[in-house]
Trainee: 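Let me give you the structure first, and then I'll get to my questions.
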Amino acid sequence: MFRFTLVKKDKKTKARLGFFETLHGKVETPIFMPVGTAGSVKTVTPDELKDVGAQIILGNTYHLHLRPGEDVVNHFGGLHKFIRWDRPILTDSGGFQVFSLAELKNITEEGVTFRSHLDGHKIFLTPEKSIEIQSKLGSDIMMVLDECVPYPCEKEYVKKSIKLTTRWAKRCKEAKKNQWQALFGIVQGGVYEDLRKQSAEEIVEIGFDGYAIGGLSVGEENRLMYDITDFTTDYLPEDRPRYLMGVGTPEDILECVSRGVDMFDCVMPTRNARNGLLFTSYGKLHIKREQWKLSDKPIDENCNCYTCKNFSRGYLRHLFKAGEILALRLNTIHNLHFYISLVKDIRNAIRKECFEEFKKEKLEMFKIGGD
Ligand SMILES: Nc1nc2cc3nc(NCCc4ccc(CCO)cc4)[nH]c3cc2c(=O)[nH]1
Ligand SMILES: [Zn+2]
């Protein structure tokens, strides 16, 4: 059960306001999805996720297959019950994780063979196996198994790779049959516009509930990511959500919403939080800096998250320097709240038809510098 509704199209940019409905509830777009790779969004509880306004989270087929295994999750009634999250979950297919994490991988027509980064045991992932795992996990939105080519990558290789990705997408759709879960296709094509057009046309031809732009945020320059995104969204149907995988910084999200993207996921807010790097309205702030030792200010005076309502920079710096686990939790709560509030403000700006001014103002403020 999945349905996307386009509510409003911005007049001056390609930004869109919409929402989609799943078995586990409704999600307004543009949306940011916190990453819960192995089931948990690191260091925070489901209630804390709801407090910061999270509507949907992302899980990873690769990680959950390796540990604890989809049969264990299925034994507990699926991922929602296992992790106690009753809102929508999207699972990535393992495509990217194999290419970015596993050692010794070999790709054939049938699938990809790789060794677990945990204990080195051999795994053979096929489109059918990826769909089987995601079905047992019970995610609301499944992703097809694709080949995410590295950057840079020979055009000849990319040309062959998108054909394989298209054949795998077809096999995923067949493997899904009439299951209740939604299935998103993934467009590849590297940084080559003609191959992006070809991949988009082939994936749209198969027909999916939504379309992801893959193969980006893999080391290419931002400008190139924006250009390829801008080019590709023109080949995706208006009445389906567009999901830019692995993106990105607050700037990237503003830039790519204006280029027609509805959905984002990134480990940036959570991973940076654990490294003491905090997002504020004026740019990034390094909490461990000496200059915050005696600061009684919150991370961001414009933020009303639990961390900013209760704690000073001085205390957060102390916790971080002392290696207190609470530091990781409070930093994560703030960074997730920052990202989720940003996309909420984006939705309101599109609704009030002032998105372009909102974007300009935000980008200017981010440049001031948080430190
Ligand atoms: N199935 C599939 N999944 C993907 C996930 C991705 N995730 C990314 N980028 C994430 C990169 C990324 C990694 C780490 C950090 C934190 C740095 O502090 C930020 C971004 N690109 C991606 C591409 C694909 C893709 O084509 N196919
Ligand atoms: Zn805050």
Side-chain angles (χ1 to χ4, degrees), residues 1-4 19-29 31-97 116 118 123 125 127-145 172 175-184 208-210 212 241 243 245 263-267 269-270 306 325 328-329 332-333 336-337 339-340:
M1 176 267 189
F2 181 90
R3 200 151 54 88
F4 175 71
F19 64 88
F20 57 81
E21 294 163 283
T22 74
L23 190 68
H24 289 93
K26 175 178 165 185
V27 176
E28 297 161 304
T29 61
I31 189 74
F32 176 78
M33 301 183 282
V35 175
T37 291
S40 94
V41 176
K42 291 181 172 35
T43 78
V44 293
T45 67
D47 279 358
E48 287 163 339
L49 279 173
K50 288 185 178 175
D51 287 347
V52 297
Q55 295 184 49
I56 177 171
I57 63 171
L58 180 142
N60 271 309
T61 296
Y62 170 83
H63 295 80
L64 290 164
H65 175 62
L66 293 191
R67 184 175 52 189
E70 61 278 5
D71 291 329
V72 169
V73 176
N74 194 250
H75 166 78
F76 286 93
L79 204 49
H80 290 85
K81 290 195 173 68
F82 194 46
I83 69 174
R84 305 284 287 148
W85 176 254
D86 60 2
R87 294 180 179 180
I89 299 174
L90 177 148
T91 42
D92 196 356
S93 56
F96 180 76
Q97 289 71 34
S116 151
L118 294 179
I123 295 164
L125 189 62
E128 294 76 15
K129 182 69 182 167
S130 177
I131 294 299
E132 182 197 337
I133 295 168
Q134 296 180 76
S135 305
K136 286 182 176 175
L137 296 174
S139 51
D140 297 275
I141 302 173
M142 304 189 286
M143 301 305 294
V144 298
L145 183 68
C172 285
K176 182 203 145 186
K177 302 186 189 77
N178 51 8
Q179 243 147 306
W180 63 273
Q181 293 149 286
L183 179 62
F184 279 21
F208 290 99
D209 299 303
Y243 165 24
M245 305 186 87
M263 297 167 70
F264 300 87
D265 87 272
C266 194
V267 295
T270 40
Y306 171 72
I325 295 165
L328 308 184
R329 285 175 36 73
T332 300
I333 285 167
L336 284 175
H337 183 276
Y339 264 69
I340 290 165

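Position 1 is the first residue of the sequence, and the numbers go up from there.
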Trainee: Using 0.5 Å steps for rounding, measure from the CD atom of Glu48 to the OG1 atom of Thr43.
Mentor: 7.5 Å
Trainee: Is it the case that the side chain of Gln134 and the backbone of Met143 share a donor-acceptor pair, with hydrogens and angles ignored and the cut-off at 3.5 Å?
Mentor: yes
Trainee: Please round to the nearest 0.5 Å and tell me the distance separating atom CG of Leu137 and atom CG of Asp71.
Mentor: 9.5 Å
Trainee: Would a line drawn from the ring center of Phe2 to the ring center of Phe208 be shorter than 6.0 Å?
Mentor: no
Trainee: Measure across Pro68 and Val73 and return the closest heavy-atom pair with its distance rounded to 0.1 Å.
Mentor: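 Result for this residue pair: CG-CG2, 3.9 Å.
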Trainee: Report the C-alpha distance between Leu336 and Leu49 in whole Å, list the side-chain angles of each, state the deciding distance to 0.1 Å, and finish with yes or no for side chain to side chain contact (heavy atoms under 4.5 Å, CB included).
Mentor: CA-CA 8 Å; Leu336 284 175; Leu49 279 173; 3.9 Å; yes
Trainee: Can you check whether Tyr339 and Phe32 have ring centres sitting under 6.0 Å from each other?
Mentor: yes
Trainee: Distance from Ser116 atom OG to Ile123 atom CD1, nearest 0.5 Å?
Mentor: 5.0 Å
Trainee: State, to 0.1 Å, how close Leu23 and Met1 come at their nearest heavy-atom pair, and which atoms those are.
Mentor: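 Heavy atoms only, the tightest pair is N-SD, 3.5 Å.
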Trainee: Keeping Asp92 on the side-chain end and Asn60 on the backbone end, is there a donor-acceptor pair under 3.5 Å?
Mentor: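 Answer holds: no.
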Trainee: Under the criterion side-chain contact (heavy atoms from CB on, under 4.5 Å), which of Val27, Asp265, Ile57, Ile89 is the partner of Met33?
Mentor: Asp265
Trainee: If you take all heavy atoms of Pro46 and Trp85, which pair is closest and at what distance?
Mentor: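 Smallest heavy-atom distance, with atoms named: O-CZ3, 3.8 Å.
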Trainee: For Asp140 and Gln181: C-alpha separation, side-chain torsions, deciding distance, then whether side chain to side chain contact (heavy atoms under 4.5 Å, CB included) applies.
Mentor: CA-CA 5 Å; Asp140 297 275; Gln181 293 149 286; over 6 Å; no
Trainee: Assess the residue pair Glu70 and Lys129 against the criterion (salt bridge (Lys or Arg N to Asp or Glu O under 4.0 Å)); give the C-alpha distance rounded to whole Å, side-chain angles, the decisive distance to 0.1 Å, and a yes or no.
Mentor: CA-CA 11 Å; Glu70 61 278 5; Lys129 182 69 182 167; 3.7 Å; yes
Trainee: Nearest 0.5 angstrom please: Arg84 CZ to Leu79 CG, how far?
Mentor: 13.0 Å
Trainee: So does Ala54 get a backbone contact from the side chain of Arg87, meaning a donor-acceptor N/O pair under 3.5 Å?
Mentor: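 Yes, the answer is positive, given that a donor and an acceptor are paired below the 3.5 Å cut-off.
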Trainee: Kindly give the heavy-atom pair with the smallest separation between Gly53 and Ile340, and that separation in Å.
Mentor: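 In this case the closest contact between Gly53 and Ile340 is O-CG2, 3.5 Å.
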Trainee: Are the side chain of Lys26 and the backbone of Phe19 linked by a donor-acceptor contact shorter than 3.5 Å?
Mentor: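 Between the backbone of Phe19 and the side chain of Lys26 there is no qualifying donor-acceptor contact (under 3.5 Å).
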Trainee: Can you see whether Asp51 engages His337 through a side-chain donor-acceptor pair at a distance of less than 3.5 angstrom?
Mentor: no
Trainee: Is a side-chain N or O of Thr29 found less than 3.5 angstrom from the main chain of Ile31, in a donor-acceptor match?
Mentor: no
Trainee: Drop me the distance from Glu132's CD to His65's NE2, to the nearest 0.5 angstrom.
Mentor: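 It comes to 9.0 Å.
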Trainee: Is any side-chain heavy atom of Leu125 less than 4.5 Å from a side-chain heavy atom of Ile133?
Mentor: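 The answer is yes; the side chains approach within 4.5 Å.
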Trainee: Tell me if the NZ atom of Lys50 is crowded by more than 12 foreign heavy atoms within 6.0 Å.
Mentor: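 Enclosed: over 12 neighbouring heavy atoms sit under 6.0 Å from NZ of Lys50.
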Trainee: For the residue pair Leu58 and Tyr243, what are the closest heavy atoms and their distance?
Mentor: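 Nearest heavy atoms, Leu58 then Tyr243: CD1-OH, 3.1 Å.
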Trainee: Supply the atom-to-atom distance Lys136 NZ to Thr91 OG1, rounded to the nearest 0.5 angstrom.
Mentor: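 That separation rounds to 14.0 Å.
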Trainee: Is the side chain of Ser130 donor-acceptor paired with the backbone N or O of Ser93 at a distance under 3.5 Å, no angle test?
Mentor: yes
Trainee: Using 30° and 60° as the class boundaries, would you call the ring planes of Phe76 and Phe82 parallel, tilted or perpendicular?
Mentor: tilted
Trainee: Taking all non-hydrogen atoms of both residues, which atom of Gly138 and which atom of His80 are closest, and how far apart?
Mentor: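 Looking at all heavy atoms of both residues, the closest pair is O-CE1, 3.3 Å.
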Trainee: With distance as the sole test, does Thr270 use its side chain to make a donor-acceptor pair with the main-chain N or O of Val267 at under 3.5 Å?
Mentor: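 Answer holds: yes.
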